[in-house]
Amino acid sequence: MNQAEVSKLVSQLRIPAPSRLRKFRNPRGPEGRLDSLRKTVTALVKHERIELNFPRAHETRLYAERLISDAIRYGDCHKTTMEMADYWLMEKQLVHKLFKVLVPRYENYNISYTRLLKAPRPYPGHEIDKGVLELRGNPYPSLLPDTSSNKNLIHNVLLEEAKKAYRTRKYAEIAARIDAAESAVGLSKPEGVEDVADKWEPAQKNDELLNGGDENKNT
Amino acid sequence: MFSIISKCRPLTQFSDVSKTLIALSSQSTAVLKEKSLREKDVLKKQIPECRHVYPEFLPDPKVEFRNVIREKLERSDMVARRTQIDIGEFYVGSVLAVTSSDRHAPGKTHRFVGICIQREGCGLRASFILRNVVDHQGVEILYHMYDPTIHKVEVLRLEKRLDDKLLYLRDALPEYSTFDLNMDVEILPEGAPIPVNPIKVKLKLRPWLERWERQNLMGVQDLELPERFYIRAKERETPWEKYDLMKEYMRTIPEEEQLEIFSGVQNELHKLESQRKKMKRKRIFIKPSKLA
(Lines give C-alpha, C1' and ligand atoms only; values in the text may rest on other atoms or scores of the structure.)
Protein backbone atom coordinates (compact mmCIF):
# COMPACT_ATOMS: atom_id res chain seq x y z
CA MET A 1 0.00 0.00 0.00
CA ASN A 2 1.52 3.22 -1.09
CA GLN A 3 0.49 6.80 -1.04
CA ALA A 4 0.54 8.69 -4.30
CA GLU A 5 3.47 11.07 -4.60
CA VAL A 6 2.31 14.65 -4.44
CA SER A 7 5.52 16.64 -4.87
CA LYS A 8 4.99 17.23 -8.60
CA LEU A 9 1.82 17.75 -10.60
CA VAL A 10 1.61 16.06 -14.00
CA SER A 11 -0.94 16.20 -16.81
CA GLN A 12 -2.86 13.12 -17.75
CA LEU A 13 -1.55 11.12 -20.70
CA ARG A 14 -3.77 11.25 -23.77
CA ILE A 15 -2.94 7.62 -24.57
CA PRO A 16 -3.77 4.64 -22.37
CA ALA A 17 -1.12 4.30 -19.68
CA PRO A 18 0.31 0.81 -19.25
CA SER A 19 0.30 -0.96 -15.90
CA ARG A 20 4.00 -1.79 -16.24
CA LEU A 21 6.91 -0.72 -18.37
CA ARG A 22 8.84 -2.89 -20.80
CA LYS A 23 12.22 -4.05 -19.61
CA PHE A 24 14.24 -4.04 -22.87
CA ARG A 25 17.10 -6.18 -21.67
CA ASN A 26 20.28 -4.21 -21.89
CA PRO A 27 23.84 -5.07 -20.84
CA ARG A 28 23.99 -1.74 -19.00
CA GLY A 29 20.80 -2.40 -17.07
CA PRO A 30 18.07 0.19 -16.49
CA GLU A 31 20.45 3.00 -17.33
CA GLY A 32 21.12 1.46 -20.74
CA ARG A 33 17.39 1.06 -21.28
CA LEU A 34 16.76 4.74 -20.68
CA ASP A 35 19.77 5.64 -22.83
CA SER A 36 18.50 3.76 -25.86
CA LEU A 37 15.02 5.17 -25.34
CA ARG A 38 16.31 8.69 -25.28
CA LYS A 39 18.13 8.13 -28.55
CA THR A 40 14.77 7.20 -30.06
CA VAL A 41 12.99 10.16 -28.51
CA THR A 42 15.67 12.46 -29.89
CA ALA A 43 15.24 10.92 -33.34
CA LEU A 44 11.46 11.34 -33.12
CA VAL A 45 11.70 15.02 -32.24
CA LYS A 46 14.32 15.55 -34.94
CA HIS A 47 12.72 13.70 -37.86
CA GLU A 48 9.06 13.83 -36.73
CA ARG A 49 8.44 10.42 -38.30
CA ILE A 50 10.46 7.25 -37.67
CA GLU A 51 10.03 3.58 -38.43
CA LEU A 52 11.17 1.09 -35.81
CA ASN A 53 10.21 -2.07 -33.96
CA PHE A 54 6.74 -1.83 -32.52
CA PRO A 55 7.51 -2.44 -28.81
CA ARG A 56 10.18 0.22 -28.81
CA ALA A 57 7.92 2.60 -30.71
CA HIS A 58 5.18 2.09 -28.14
CA GLU A 59 7.53 2.71 -25.23
CA THR A 60 9.11 5.75 -26.89
CA ARG A 61 5.69 7.19 -27.50
CA LEU A 62 4.94 7.25 -23.77
CA TYR A 63 8.15 9.10 -22.97
CA ALA A 64 7.73 11.57 -25.83
CA GLU A 65 4.16 12.34 -24.75
CA ARG A 66 5.30 12.93 -21.18
CA LEU A 67 8.15 15.19 -22.27
CA ILE A 68 5.88 17.33 -24.47
CA SER A 69 3.09 17.53 -21.87
CA ASP A 70 5.57 18.66 -19.21
CA ALA A 71 7.02 21.23 -21.59
CA ILE A 72 3.52 22.59 -22.23
CA ARG A 73 2.59 22.58 -18.54
CA TYR A 74 5.71 24.14 -17.05
CA GLY A 75 7.33 26.04 -19.94
CA ASP A 76 11.02 26.70 -20.45
CA CYS A 77 11.58 28.64 -17.21
CA HIS A 78 11.03 25.60 -15.00
CA LYS A 79 14.30 24.09 -13.87
CA THR A 80 13.25 20.44 -13.63
CA THR A 81 11.54 20.50 -17.00
CA MET A 82 14.63 22.03 -18.59
CA GLU A 83 16.81 19.31 -17.04
CA MET A 84 14.43 16.69 -18.42
CA ALA A 85 14.57 18.22 -21.89
CA ASP A 86 18.33 18.39 -21.61
CA TYR A 87 18.49 14.69 -20.72
CA TRP A 88 15.96 13.39 -23.23
CA LEU A 89 17.09 15.43 -26.24
CA MET A 90 20.68 14.57 -26.97
CA GLU A 91 21.09 17.21 -29.69
CA LYS A 92 20.81 20.53 -27.93
CA GLN A 93 19.22 22.47 -30.81
CA LEU A 94 16.21 20.18 -30.37
CA VAL A 95 15.60 21.68 -26.93
CA HIS A 96 14.83 24.94 -28.74
CA LYS A 97 12.60 23.03 -31.14
CA LEU A 98 10.69 21.47 -28.26
CA PHE A 99 9.90 24.77 -26.54
CA LYS A 100 9.56 27.04 -29.58
CA VAL A 101 7.98 24.76 -32.20
CA LEU A 102 6.29 21.80 -30.55
CA VAL A 103 4.83 23.57 -27.52
CA PRO A 104 2.99 26.22 -29.60
CA ARG A 105 1.88 23.49 -32.01
CA TYR A 106 0.35 21.27 -29.34
CA GLU A 107 -0.88 23.87 -26.83
CA ASN A 108 -4.53 23.60 -27.87
CA TYR A 109 -4.60 19.90 -28.72
CA ASN A 110 -7.22 17.70 -27.12
CA ILE A 111 -5.75 14.49 -28.50
CA SER A 112 -2.36 12.82 -28.21
CA TYR A 113 0.68 14.56 -29.63
CA THR A 114 1.99 11.48 -31.42
CA ARG A 115 0.53 8.87 -33.70
CA LEU A 116 1.62 5.22 -33.79
CA LEU A 117 0.79 3.03 -36.77
CA LYS A 118 1.60 -0.57 -37.48
CA ALA A 119 3.94 -1.06 -40.42
CA PRO A 120 4.27 -4.14 -42.65
CA ARG A 121 6.91 -6.68 -41.65
CA PRO A 122 9.78 -7.13 -44.10
CA TYR A 123 9.19 -10.59 -45.57
CA PRO A 124 12.54 -12.29 -45.54
CA GLY A 125 13.72 -11.11 -42.15
CA HIS A 126 13.07 -11.13 -38.44
CA GLU A 127 9.58 -11.93 -37.30
CA ILE A 128 9.12 -8.73 -35.34
CA ASP A 129 6.33 -6.23 -35.69
CA LYS A 130 7.25 -2.87 -37.08
CA GLY A 131 5.66 0.45 -36.35
CA VAL A 132 5.75 4.01 -37.59
CA LEU A 133 5.84 6.66 -34.90
CA GLU A 134 5.20 10.27 -35.86
CA LEU A 135 4.48 13.63 -34.29
CA ARG A 136 1.08 14.97 -35.19
CA GLY A 137 1.03 17.97 -37.47
CA ASN A 138 4.25 17.00 -39.22
CA PRO A 139 4.96 18.36 -42.72
CA TYR A 140 5.07 14.96 -44.47
CA PRO A 141 2.23 13.56 -46.60
CA SER A 142 -0.22 11.45 -44.65
CA LEU A 143 0.47 7.74 -44.24
CA LEU A 144 -3.19 6.84 -44.20
CA PRO A 145 -5.05 6.78 -47.56
CA ASP A 146 -7.41 9.67 -48.31
CA THR A 147 -10.82 8.00 -48.05
CA SER A 148 -12.99 11.05 -48.65
CA SER A 149 -12.85 10.75 -52.48
CA ASN A 150 -13.37 7.01 -52.90
CA LYS A 151 -16.55 6.40 -54.94
CA ASN A 152 -17.11 2.87 -53.68
CA LEU A 153 -17.22 3.78 -50.01
CA ILE A 154 -20.68 3.31 -48.55
CA HIS A 155 -21.26 6.92 -47.55
CA ASN A 156 -20.26 8.14 -51.01
CA VAL A 157 -22.57 5.55 -52.67
CA LEU A 158 -25.43 6.67 -50.43
CA LEU A 159 -24.79 10.32 -51.19
CA GLU A 160 -24.83 9.57 -54.91
CA GLU A 161 -28.15 7.75 -54.62
CA ALA A 162 -29.60 10.60 -52.58
CA LYS A 163 -28.60 13.03 -55.33
CA LYS A 164 -30.29 10.84 -57.95
CA ALA A 165 -33.49 10.62 -55.93
CA TYR A 166 -33.52 14.39 -55.47
CA ARG A 167 -33.08 14.92 -59.20
CA THR A 168 -35.93 12.56 -60.18
CA ARG A 169 -38.23 14.23 -57.69
CA LYS A 170 -37.41 17.65 -59.13
CA TYR A 171 -38.03 16.37 -62.69
CA ALA A 172 -41.42 15.04 -61.68
CA GLU A 173 -42.35 18.35 -60.02
CA ILE A 174 -41.38 20.37 -63.09
CA ALA A 175 -43.22 18.02 -65.40
CA ALA A 176 -46.34 18.37 -63.27
CA ARG A 177 -46.06 22.15 -63.35
CA ILE A 178 -45.72 22.16 -67.16
CA ASP A 179 -48.67 19.87 -67.54
CA ALA A 180 -50.76 22.18 -65.41
CA ALA A 181 -49.69 25.23 -67.45
CA GLU A 182 -50.37 23.41 -70.72
CA SER A 183 -53.80 22.35 -69.68
CA ALA A 184 -54.59 25.94 -68.67
CA VAL A 185 -53.38 27.29 -72.04
CA GLY A 186 -54.87 24.41 -74.05
CA LEU A 187 -58.39 25.35 -73.05
CA SER A 188 -58.16 28.71 -74.87
CA LYS A 189 -56.03 27.50 -77.86
CA PRO A 190 -56.99 25.12 -80.65
CA GLU A 191 -55.45 21.69 -80.20
CA GLY A 192 -52.35 20.35 -81.96
CA VAL A 193 -51.00 23.68 -83.30
CA GLU A 194 -47.89 24.54 -81.21
CA ASP A 195 -47.44 21.35 -79.31
CA VAL A 196 -43.87 20.78 -80.39
CA ALA A 197 -42.64 24.31 -79.61
CA ASP A 198 -44.26 24.22 -76.18
CA LYS A 199 -42.56 20.96 -75.38
CA TRP A 200 -39.16 22.25 -76.43
CA GLU A 201 -39.09 25.45 -74.48
CA PRO A 202 -39.82 24.00 -71.05
CA ALA A 203 -37.21 21.32 -71.63
CA GLN A 204 -34.49 23.99 -71.75
CA LYS A 205 -35.96 25.64 -68.68
CA ASN A 206 -35.95 22.33 -66.92
CA ASP A 207 -32.25 21.94 -67.56
CA GLU A 208 -31.52 25.34 -66.11
CA LEU A 209 -33.65 24.65 -63.12
CA LEU A 210 -32.00 21.32 -62.54
CA ASN A 211 -28.53 22.78 -62.75
CA GLY A 212 -29.53 25.53 -60.37
CA GLY A 213 -30.93 23.00 -57.97
CA ASP A 214 -27.76 20.96 -58.13
CA GLU A 215 -25.61 23.97 -57.44
CA ASN A 216 -27.74 24.91 -54.48
CA LYS A 217 -27.51 21.43 -53.14
CA ASN A 218 -23.75 21.33 -53.55
CA THR A 219 -23.27 24.56 -51.71
CA MET B 1 -45.21 43.31 -48.24
CA PHE B 2 -47.84 44.88 -45.99
CA SER B 3 -48.89 41.59 -44.70
CA ILE B 4 -45.36 40.82 -43.69
CA ILE B 5 -45.02 44.10 -41.80
CA SER B 6 -48.31 43.60 -40.03
CA LYS B 7 -47.15 40.15 -39.04
CA CYS B 8 -43.97 41.58 -37.74
CA ARG B 9 -45.63 44.24 -35.62
CA PRO B 10 -46.65 42.11 -32.69
CA LEU B 11 -43.08 40.86 -32.55
CA THR B 12 -41.75 44.40 -32.37
CA GLN B 13 -44.27 45.28 -29.69
CA PHE B 14 -43.13 42.37 -27.59
CA SER B 15 -39.55 42.91 -28.49
CA ASP B 16 -38.77 45.31 -25.61
CA VAL B 17 -40.03 42.93 -22.99
CA SER B 18 -38.52 39.94 -24.67
CA LYS B 19 -35.28 41.79 -25.14
CA THR B 20 -35.07 42.66 -21.49
CA LEU B 21 -36.01 39.10 -20.63
CA ILE B 22 -33.37 37.76 -22.94
CA ALA B 23 -30.86 40.22 -21.56
CA LEU B 24 -31.76 39.24 -18.02
CA SER B 25 -31.59 35.58 -18.76
CA SER B 26 -28.32 35.98 -20.60
CA GLN B 27 -27.03 38.09 -17.73
CA SER B 28 -28.09 35.50 -15.21
CA THR B 29 -26.55 32.72 -17.27
CA ALA B 30 -23.42 34.80 -17.68
CA VAL B 31 -23.33 35.46 -13.94
CA LEU B 32 -23.87 31.77 -13.27
CA LYS B 33 -21.18 30.87 -15.74
CA GLU B 34 -18.82 33.38 -14.18
CA LYS B 35 -19.64 32.04 -10.74
CA SER B 36 -19.05 28.46 -11.79
CA LEU B 37 -15.84 29.50 -13.53
CA ARG B 38 -14.70 31.38 -10.43
CA GLU B 39 -15.56 28.39 -8.26
CA LYS B 40 -13.63 26.17 -10.60
CA ASP B 41 -10.66 28.53 -10.44
CA VAL B 42 -10.83 28.57 -6.66
CA LEU B 43 -11.03 24.79 -6.65
CA LYS B 44 -8.09 24.54 -8.97
CA LYS B 45 -6.11 26.85 -6.72
CA GLN B 46 -7.05 24.90 -3.62
CA ILE B 47 -6.18 21.52 -5.03
CA PRO B 48 -2.42 21.94 -4.76
CA GLU B 49 -2.99 22.50 -1.02
CA CYS B 50 -5.45 19.65 -0.79
CA ARG B 51 -3.06 17.05 -2.10
CA HIS B 52 -0.55 17.96 0.63
CA VAL B 53 -3.09 18.19 3.44
CA TYR B 54 -5.18 15.14 2.51
CA PRO B 55 -2.81 12.82 0.65
CA GLU B 56 -4.82 9.75 1.71
CA PHE B 57 -7.78 10.91 -0.40
CA LEU B 58 -5.76 10.13 -3.53
CA PRO B 59 -5.96 6.48 -4.55
CA ASP B 60 -3.07 4.09 -4.86
CA PRO B 61 -1.37 4.90 -8.17
CA LYS B 62 -0.81 1.21 -8.90
CA VAL B 63 -3.21 0.27 -11.69
CA GLU B 64 -3.88 -3.21 -10.32
CA PHE B 65 -5.21 -1.78 -7.07
CA ARG B 66 -7.53 0.76 -8.67
CA ASN B 67 -11.28 0.47 -8.43
CA VAL B 68 -13.20 3.67 -9.03
CA ILE B 69 -16.35 2.66 -7.15
CA ARG B 70 -14.50 1.38 -4.09
CA GLU B 71 -12.42 4.56 -4.00
CA LYS B 72 -15.51 6.73 -4.11
CA LEU B 73 -17.22 4.78 -1.34
CA GLU B 74 -14.09 4.94 0.75
CA ARG B 75 -13.87 8.68 0.30
CA SER B 76 -17.44 9.18 1.46
CA ASP B 77 -16.70 6.96 4.49
CA MET B 78 -13.60 8.99 5.26
CA VAL B 79 -15.52 12.24 5.14
CA ALA B 80 -18.20 10.70 7.37
CA ARG B 81 -15.53 9.68 9.88
CA ARG B 82 -13.97 13.12 9.77
CA THR B 83 -17.30 14.67 10.77
CA GLN B 84 -17.18 12.51 13.91
CA ILE B 85 -13.61 13.18 15.03
CA ASP B 86 -11.43 16.13 14.26
CA ILE B 87 -8.33 15.02 12.36
CA GLY B 88 -6.32 18.17 11.77
CA GLU B 89 -3.71 18.92 9.20
CA PHE B 90 -0.38 17.31 10.04
CA TYR B 91 2.78 16.20 8.33
CA VAL B 92 5.71 13.90 8.90
CA GLY B 93 7.66 15.64 11.65
CA SER B 94 4.62 17.06 13.47
CA VAL B 95 4.06 16.12 17.11
CA LEU B 96 0.66 14.55 17.72
CA ALA B 97 -1.32 13.26 20.69
CA VAL B 98 -3.72 10.43 19.97
CA THR B 99 -6.36 9.28 22.42
CA SER B 100 -7.70 5.84 21.69
CA SER B 101 -9.77 3.33 23.57
CA ASP B 102 -7.78 0.57 25.21
CA ARG B 103 -9.58 -2.02 27.28
CA HIS B 104 -6.50 -2.78 29.35
CA ALA B 105 -5.82 0.83 30.29
CA PRO B 106 -7.08 2.10 33.67
CA GLY B 107 -9.61 4.60 32.30
CA LYS B 108 -10.26 2.50 29.19
CA THR B 109 -8.54 5.18 27.14
CA HIS B 110 -4.91 5.66 26.29
CA ARG B 111 -3.23 8.89 25.24
CA PHE B 112 0.07 8.75 23.42
CA VAL B 113 2.22 11.68 22.40
CA GLY B 114 4.89 11.32 19.75
CA ILE B 115 6.44 12.58 16.56
CA CYS B 116 4.94 11.36 13.30
CA ILE B 117 7.73 9.53 11.51
CA GLN B 118 5.79 8.10 8.59
CA ARG B 119 2.47 8.47 6.78
CA GLU B 120 1.41 5.63 4.58
CA GLY B 121 -1.52 4.01 2.84
CA CYS B 122 -4.47 5.54 1.10
CA GLY B 123 -8.19 5.45 1.54
CA LEU B 124 -9.48 3.90 4.71
CA ARG B 125 -6.18 2.10 5.21
CA ALA B 126 -4.23 5.33 5.75
CA SER B 127 -1.97 5.11 8.77
CA PHE B 128 0.76 7.00 10.59
CA ILE B 129 3.44 6.01 13.06
CA LEU B 130 4.07 8.00 16.26
CA ARG B 131 7.39 7.66 18.03
CA ASN B 132 8.46 8.72 21.49
CA VAL B 133 10.93 7.65 24.12
CA VAL B 134 9.22 6.67 27.37
CA ASP B 135 11.36 5.66 30.37
CA HIS B 136 14.48 5.39 28.17
CA GLN B 137 12.66 3.00 25.90
CA GLY B 138 11.76 3.90 22.36
CA VAL B 139 8.05 3.34 21.71
CA GLU B 140 6.28 3.44 18.39
CA ILE B 141 2.57 3.07 17.74
CA LEU B 142 1.01 2.70 14.33
CA TYR B 143 -2.43 4.26 14.21
CA HIS B 144 -4.92 3.86 11.38
CA MET B 145 -6.35 7.30 10.73
CA TYR B 146 -9.92 6.12 10.29
CA ASP B 147 -9.83 3.56 13.07
CA PRO B 148 -13.12 3.82 15.04
CA THR B 149 -11.29 3.21 18.33
CA ILE B 150 -9.50 6.55 18.02
CA HIS B 151 -11.22 9.24 20.10
CA LYS B 152 -9.14 12.28 19.46
CA VAL B 153 -6.19 13.38 17.36
CA GLU B 154 -4.53 16.57 18.58
CA VAL B 155 -1.79 18.29 16.64
CA LEU B 156 0.49 19.67 19.33
CA ARG B 157 3.24 21.05 17.12
CA LEU B 158 2.57 21.55 13.43
CA GLU B 159 5.82 21.51 11.45
CA LYS B 160 7.66 19.66 8.72
CA ARG B 161 11.14 18.17 8.64
CA LEU B 162 13.67 18.02 5.84
CA ASP B 163 12.81 14.42 4.89
CA ASP B 164 9.64 12.63 3.82
CA LYS B 165 10.19 9.82 6.30
CA LEU B 166 11.89 10.02 9.68
CA LEU B 167 12.55 6.32 10.17
CA TYR B 168 16.17 7.17 10.94
CA LEU B 169 15.03 8.44 14.33
CA ARG B 170 15.05 4.76 15.36
CA ASP B 171 18.83 4.82 15.02
CA ALA B 172 19.26 8.35 16.34
CA LEU B 173 20.16 9.37 19.87
CA PRO B 174 17.07 9.18 22.13
CA GLU B 175 16.92 12.91 22.84
CA TYR B 176 15.85 13.55 19.24
CA SER B 177 12.65 11.54 19.65
CA THR B 178 11.82 12.39 23.24
CA PHE B 179 8.71 14.50 23.73
CA ASP B 180 7.00 15.51 26.91
CA LEU B 181 3.76 13.58 27.41
CA ASN B 182 2.13 16.68 28.89
CA MET B 183 3.09 18.95 26.03
CA ASP B 184 0.88 21.95 25.33
CA VAL B 185 -0.52 22.84 21.95
CA GLU B 186 1.71 25.29 20.10
CA ILE B 187 -0.48 27.67 18.15
CA LEU B 188 0.66 29.00 14.80
CA PRO B 189 -0.48 32.45 13.66
CA GLU B 190 -3.35 32.17 11.20
CA GLY B 191 -2.38 32.09 7.53
CA ALA B 192 1.28 31.45 8.28
CA PRO B 193 3.09 28.84 6.15
CA ILE B 194 3.93 25.52 7.79
CA PRO B 195 7.41 25.92 9.35
CA VAL B 196 10.15 23.52 8.32
CA ASN B 197 12.36 22.39 11.18
CA PRO B 198 15.94 22.34 9.86
CA ILE B 199 17.22 20.20 12.74
CA LYS B 200 20.02 17.74 11.90
CA VAL B 201 19.84 14.53 13.85
CA LYS B 202 22.90 12.70 15.21
CA LEU B 203 22.78 8.95 14.69
CA LYS B 204 24.10 6.32 17.04
CA LEU B 205 27.08 4.20 16.06
CA ARG B 206 26.53 1.27 13.73
CA PRO B 207 24.94 -1.33 13.54
CA TRP B 208 21.81 0.33 12.17
CA LEU B 209 18.43 -0.88 11.00
CA GLU B 210 19.03 0.43 7.49
CA ARG B 211 21.93 1.69 5.42
CA TRP B 212 21.23 5.36 6.01
CA GLU B 213 24.31 6.47 4.08
CA ARG B 214 22.67 5.25 0.86
CA GLN B 215 19.41 7.14 1.31
CA ASN B 216 20.49 10.70 0.65
CA LEU B 217 19.02 12.02 3.91
CA MET B 218 18.89 15.76 4.58
CA GLY B 219 18.07 15.79 8.28
CA VAL B 220 21.09 13.81 9.45
CA GLN B 221 24.46 14.98 10.72
CA ASP B 222 27.69 13.62 9.27
CA LEU B 223 27.55 9.84 9.64
CA GLU B 224 31.32 9.45 10.40
CA LEU B 225 31.70 6.21 8.50
CA PRO B 226 34.84 4.77 6.93
CA GLU B 227 35.45 5.76 3.31
CA ARG B 228 34.46 2.35 1.89
CA PHE B 229 30.82 2.88 2.88
CA TYR B 230 30.58 6.05 0.83
CA ILE B 231 32.31 4.40 -2.12
CA ARG B 232 29.81 1.55 -2.03
CA ALA B 233 26.92 4.02 -1.70
CA LYS B 234 28.22 5.86 -4.75
CA GLU B 235 28.31 2.59 -6.69
CA ARG B 236 24.76 1.73 -5.70
CA GLU B 237 23.10 5.03 -6.44
CA THR B 238 20.82 5.38 -9.47
CA PRO B 239 21.09 8.96 -10.75
CA TRP B 240 19.19 8.15 -13.98
CA GLU B 241 16.01 7.24 -12.15
CA LYS B 242 14.94 10.84 -11.70
CA TYR B 243 14.81 11.19 -15.49
CA ASP B 244 12.43 8.27 -15.92
CA LEU B 245 9.33 10.26 -16.83
CA MET B 246 7.03 7.26 -16.97
CA LYS B 247 8.06 5.92 -13.58
CA GLU B 248 7.41 9.36 -12.15
CA TYR B 249 4.01 9.36 -13.85
CA MET B 250 3.14 5.94 -12.48
CA ARG B 251 3.96 7.04 -8.93
CA THR B 252 1.51 9.95 -8.97
CA ILE B 253 -2.09 10.69 -9.79
CA PRO B 254 -2.44 13.10 -12.73
CA GLU B 255 -3.89 16.54 -12.05
CA GLU B 256 -7.13 15.98 -13.96
CA GLU B 257 -7.93 13.01 -11.77
CA GLN B 258 -6.98 14.89 -8.60
CA LEU B 259 -9.33 17.69 -9.61
CA GLU B 260 -12.15 15.20 -10.02
CA ILE B 261 -11.42 13.49 -6.70
CA PHE B 262 -11.12 16.63 -4.61
CA SER B 263 -14.06 18.41 -6.25
CA GLY B 264 -16.21 15.55 -4.94
CA VAL B 265 -15.18 16.02 -1.30
CA GLN B 266 -14.10 19.67 -1.33
CA ASN B 267 -17.31 21.09 0.12
CA GLU B 268 -17.43 18.79 3.13
CA LEU B 269 -13.73 19.16 3.85
CA HIS B 270 -14.00 22.93 3.58
CA LYS B 271 -16.90 22.96 6.04
CA LEU B 272 -14.95 20.82 8.50
CA GLU B 273 -11.95 23.08 8.17
CA SER B 274 -13.93 26.24 8.86
CA GLN B 275 -15.53 24.55 11.88
CA ARG B 276 -12.10 23.64 13.18
CA LYS B 277 -10.91 27.23 12.74
CA LYS B 278 -13.86 28.49 14.77
CA MET B 279 -13.10 26.00 17.54
CA LYS B 280 -9.47 27.06 17.51
CA ARG B 281 -10.41 30.71 17.97
CA LYS B 282 -12.64 29.75 20.89
CA ARG B 283 -9.81 27.80 22.43
CA ILE B 284 -7.38 30.70 22.05
CA PHE B 285 -9.66 33.12 23.87
CA ILE B 286 -9.14 32.64 27.59
CA LYS B 287 -11.63 34.31 29.85
CA PRO B 288 -9.78 36.63 32.24
CA SER B 289 -10.30 35.45 35.75
CA LYS B 290 -10.65 37.85 38.67
CA LEU B 291 -7.63 37.84 40.92
CA ALA B 292 -8.32 38.10 44.60
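Every heavy atom of this structure was used, including side-chain atoms; hydrogens, water molecules and symmetry mates were not.
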Inset, instruction - Could you pull out the closest heavy-atom pair between A:Ala4 and B:Pro59, with the gap in Å? - result: CB-O, 3.9 Å
Inset, instruction - Tell me, yes or no, whether the heavy-atom count around A:Lys92 atom NZ, taken from other residues, nucleotides or ligands under 6.0 Å, exceeds 12. - result: yes
Legend entry - Residues, nucleotides or ligands: over 12 heavy atoms within 6.0 Å of B:His270 NE2: no
Inset, instruction - Calculate, to the nearest 0.5 Å, the distance between atoms CD1 and CD belonging to B:Ile253 and A:Gln12 respectively. - result: 9.5 Å
Inset, instruction - Select one option (side chain, backbone, both, neither) describing which atoms of B:Leu58 are under 4.5 Å from chain A's heavy atoms. - result: side chain
Legend entry - Salt-bridge present (B:Glu248, A:Arg66; N to O < 4.0 Å): yes
Inset, instruction - Would you give the length of the straight line joining atom CG of B:Leu245 to atom CD of A:Glu65, rounded to the nearest 0.5 angstrom? - result: 12.0 Å
Legend entry - A:Arg22, CZ atom: more than 12 neighbouring heavy atoms under 6.0 Å: yes
Inset, instruction - Using a cut-off of 6.0 Å, state whether more than 12 heavy atoms not belonging to A:His126 lie near its atom NE2. - result: no
Inset, instruction - Look up atom CZ in A:Arg20 and atom CD in B:Glu64, then write down how far apart they are to the nearest 0.5 Å. - result: 8.5 Å
Inset, instruction - Report yes if some heavy atom in the side chain of B:Arg251 is under 4.5 Å from a heavy atom in the side chain of A:Val10; otherwise report no. - result: no
Inset, instruction - Using a cut-off of under 4.5 Å on heavy-atom pairs, state which of B:Ala126, B:Pro239, B:Pro61 scores highest against chain A. - result: B:Pro61
Legend entry - pair B:Asp244-A:Arg33: side-chain heavy atoms closer than 4.5 Å: yes
Legend entry - Residue selection (most heavy-atom pairs with chain B, distance under 4.5 Å) from A:Ala17, A:Ser7, A:Pro30, A:Gly29: A:Pro30
Inset, instruction - Check whether any side-chain heavy atom of A:Pro18 lies under 4.5 Å from a side-chain heavy atom of B:Met246, and answer yes or no. - result: yes
Legend entry - B:Glu255 to A:Leu9 - nearest heavy-atom pair and separation: CG-CD2, 3.8 Å
Legend entry - Spatial distance of atom OG (A:Ser19) from atom NZ (B:Lys62) [nearest 0.5 Å]: 9.5 Å
Inset, instruction - Go through A:Arg38, A:Glu83, A:Glu59, A:Arg73 and name the one with the most non-hydrogen pairs under 4.5 angstrom from chain B. - result: A:Arg73
Legend entry - A:Glu173 atom CD: more than 12 heavy-atom contacts under 6.0 Å: yes
Legend entry - Among A:Asp70, A:Leu21, A:Leu67, A:Asp35, residue most engaged with chain B (heavy-atom pairs, under 4.5 Å): A:Leu21
Legend entry - Over 12 non-hydrogen atoms of neighbours within 6.0 angstrom of NZ in B:Lys160: yes
Legend entry - Smallest separation among heavy atoms of A:Tyr87 and B:Trp240, with atom names: OH-CB, 4.4 Å
Inset, instruction - Would you mind reporting whether B:Glu256 and A:Ser11 have side-chain heavy atoms less than 4.5 Å apart? - result: yes
Legend entry - Heavy atoms from other residues, nucleotides or ligands near CG of B:Leu142 exceed 12 (cutoff 6.0 Å): yes
Legend entry - B:Asp164 CG: over 12 foreign heavy atoms closer than 6.0 Å: no
Legend entry - Residue pair B:Tyr249 / A:Leu62, side-chain heavy-atom distance below 4.5 Å: no
